[in-house]
> 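Could you have a look at this structure, given as structure tokens, before my questions?
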Amino acid sequence: MRLKLPRKYYLNEDVTRISRDLIGKVLVSRIGGKLTSGIIIETEAYNGVNDKASHAYGGRRTERNKVMYSEGGRAYVYLCYGVHHLFNVVTGRKDVPQALLIRAIKPADGIRAMLKRRGKEEIFKAFSDGPGTTAEALGITTRYSGEPLTANRIWIEERGVIIDRKNITAGPRIGVSYAGEDAQLPYRFRLNEDAIKMLKYE
DNA sequence: CGTACGATCTGCT
DNA sequence: GCAGATCGTACGA
């Protein structure tokens, strides 16, 4: 079973719900002639204008983050620390700036290509354990910000991976201490380590 | 126009 | 455990 998630999937108005639901889905890129993918194992939700950790907090709308205000189903990619390209999925209604950060994947297709992009010889523990390395492995850069996830460059598939919801832990987001009380919100979703090891897909 | 800094990663101690 | 890398972006002057 390989079903590209349709436009409608991204229109749900609860970004935390989509963030949790995307655990076990497969993020795919066809970039530079290579098909690469991985099972999503960690996400973070950024919930609209009232979330102090969000780039759209207080209605901030800039050249960088304007894609957050589009209808769900597009990529929002931005440069972090001048070094890392972080890949986000825009969700929800137009003019409601919700997005979720893909923080980690378990490699699936095109592993050699991903290792090459990462400048690594073989898989090690931190292969894609973090949002910067995940985007790098998939070849995703800021030039793909705004890209529709219904096209054939970057998309997400359902592949029938079975996820037991009790193996998903929700906790505070990483690196958002500047967000005051919102830094404590349980908007980070991660599949437990033993469940990651057991992951299988068709 | 100038400046401070970040939804991070790595390597060295 | 911690500092350095590295630069586009945001925001104030």
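Every heavy atom of this structure was used, including side-chain atoms; hydrogens, water molecules and symmetry mates were not. Residue numbers start from 1 in every chain, and the chains themselves are labelled A, B, ... in the order their sequence lines are given, proteins ahead of strands.
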> Name all residues meeting the side-chain hydrogen bond (donor to acceptor under 3.5 Å, both in side chains) criterion together with R61(A); count only those two or more places apart in sequence or in a different chain, and write none if there are none.
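Per chain and number, R61(A) pairs via side-chain hydrogen bond (donor to acceptor under 3.5 Å, both in side chains) with no residue.
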
> Quick one: what's the B/S/- string for nucleotides 5-13 of chain C, heavy-atom cutoff under 4.0 Å, read 5' to 3'?
-BBSSSS--

> Could you tell me whether the side chains of D182(A) and Y57(A) share a donor-acceptor contact shorter than 3.5 Å?
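There is no such pair (donor and acceptor under 3.5 Å, judged by atom type) between the side chains of D182(A) and Y57(A).
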
> Go through DNA chain B and write down every stem, that is, every run of at least three consecutive Watson-Crick or G-U wobble pairs with distances under 3.5 Å, as range with range.
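Detected stem regions: B:1-6 with C:7-12, B:8-12 with C:1-5.
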
> Please check: side-chain N/O of S29(A) versus main-chain N/O of L138(A), any donor-acceptor pairing under 3.5 Å?
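Between the backbone of L138(A) and the side chain of S29(A) there is a qualifying donor-acceptor contact (under 3.5 Å).
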
> Looking at E136(A) and R118(A), is any side-chain nitrogen of the basic one under 4.0 Å from a carboxylate oxygen of the acidic one?
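Here R118(A) pairs with E136(A) in a salt bridge, since their nearest N and O are under 4.0 Å apart.
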
> Just the rounded figure in Å: distance from C1' of dA7(B) to NE2 of H85(A).
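To the nearest whole Å, that distance equals 15 Å.
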
> Name all residues meeting the side-chain hydrogen bond (donor to acceptor under 3.5 Å, both in side chains) criterion together with Y76(A); count only those two or more places apart in sequence or in a different chain, and write none if there are none.
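Result, side-chain hydrogen bond (donor to acceptor under 3.5 Å, both in side chains) vs Y76(A): H55(A).
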
> Under the salt bridge (charged side-chain N to carboxylate O under 4.0 Å, His left out) rule, what do K25(A) and E158(A) come out as? Steps first, then yes or no, please.
CA-CA 5 Å; K25(A) 301 290 192 290; E158(A) 169 64 66; 3.2 Å; yes

> Could you give the CD-to-C1' distance, from E136(A) to dC9(B), as a whole number of Å?
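So the CD-C1' distance, E136(A) to dC9(B), works out to 10 Å.
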
> Nearest-Å distance, CG (N88(A)) to C1' (dT8(B))?
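It works out to 13 Å between those atoms.
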
> Measure from CZ on R188(A) to P on dT8(B) and round the result to the nearest Å.
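Rounded to the whole Å, the gap is 10 Å.
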
> Output the residues of residues 173-183 of chain A in contact with DNA chain B, where contact means a heavy atom of the residue under 4.0 Å from an atom of the strand; sort by number or write none.
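Within residues 173-183 of chain A, the residues near DNA chain B are I174(A), G175(A), V176(A), Y178(A).
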
> Is L101(A) touching bases, backbone alone, or none of the nucleic acid, heavy atoms closer than 4.0 Å?
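Base, at least one base heavy atom under 4.0 Å.
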
> L5(A) and side chain to side chain contact (heavy atoms under 4.5 Å, CB included): which single residue from T150(A), L22(A), I18(A) fits?
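Answer to the side chain to side chain contact (heavy atoms under 4.5 Å, CB included) test with L5(A) among T150(A), L22(A), I18(A): L22(A).
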
> By side-chain hydrogen bond (donor to acceptor under 3.5 Å, both in side chains), which residues pair with R173(A), not counting sequence neighbours?
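Result, side-chain hydrogen bond (donor to acceptor under 3.5 Å, both in side chains) vs R173(A): D51(A).
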
> Does either side chain, that of S54(A) or that of N47(A), offer a donor lying less than 3.5 Å from an acceptor on the other one?
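Checked: S54(A)/N47(A) side chains show no N/O donor-acceptor pair below 3.5 Å.
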
> Among R20(A), R190(A), R103(A), which residue satisfies the salt bridge (charged side-chain N to carboxylate O under 4.0 Å, His left out) criterion with E44(A)?
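Looking at R20(A), R190(A), R103(A), the match for E44(A) under the salt bridge (charged side-chain N to carboxylate O under 4.0 Å, His left out) is R103(A).
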
> In whole angstrom, what separates F87(A)'s CZ from dT8(B)'s C1'?
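One finds 18 Å between C1' of dT8(B) and CZ of F87(A), rounded.
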
> Provide the closest heavy-atom pair for R30(A) versus N152(A) in the form atom of the first, atom of the second, distance.
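Taking every non-hydrogen atom into account, CB-O, 3.6 Å.
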
> Grab the CD-P distance between E42(A) and dA7(B) for me, whole Å please.
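Atom CD in E42(A) sits about 16 Å away from atom P in dA7(B).
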
> Could you measure between the two P atoms, the one in dG2(B) and the one in dT6(C), and give it in whole Å?
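Here dG2(B) and dT6(C) have their P atoms 23 Å from each other.
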
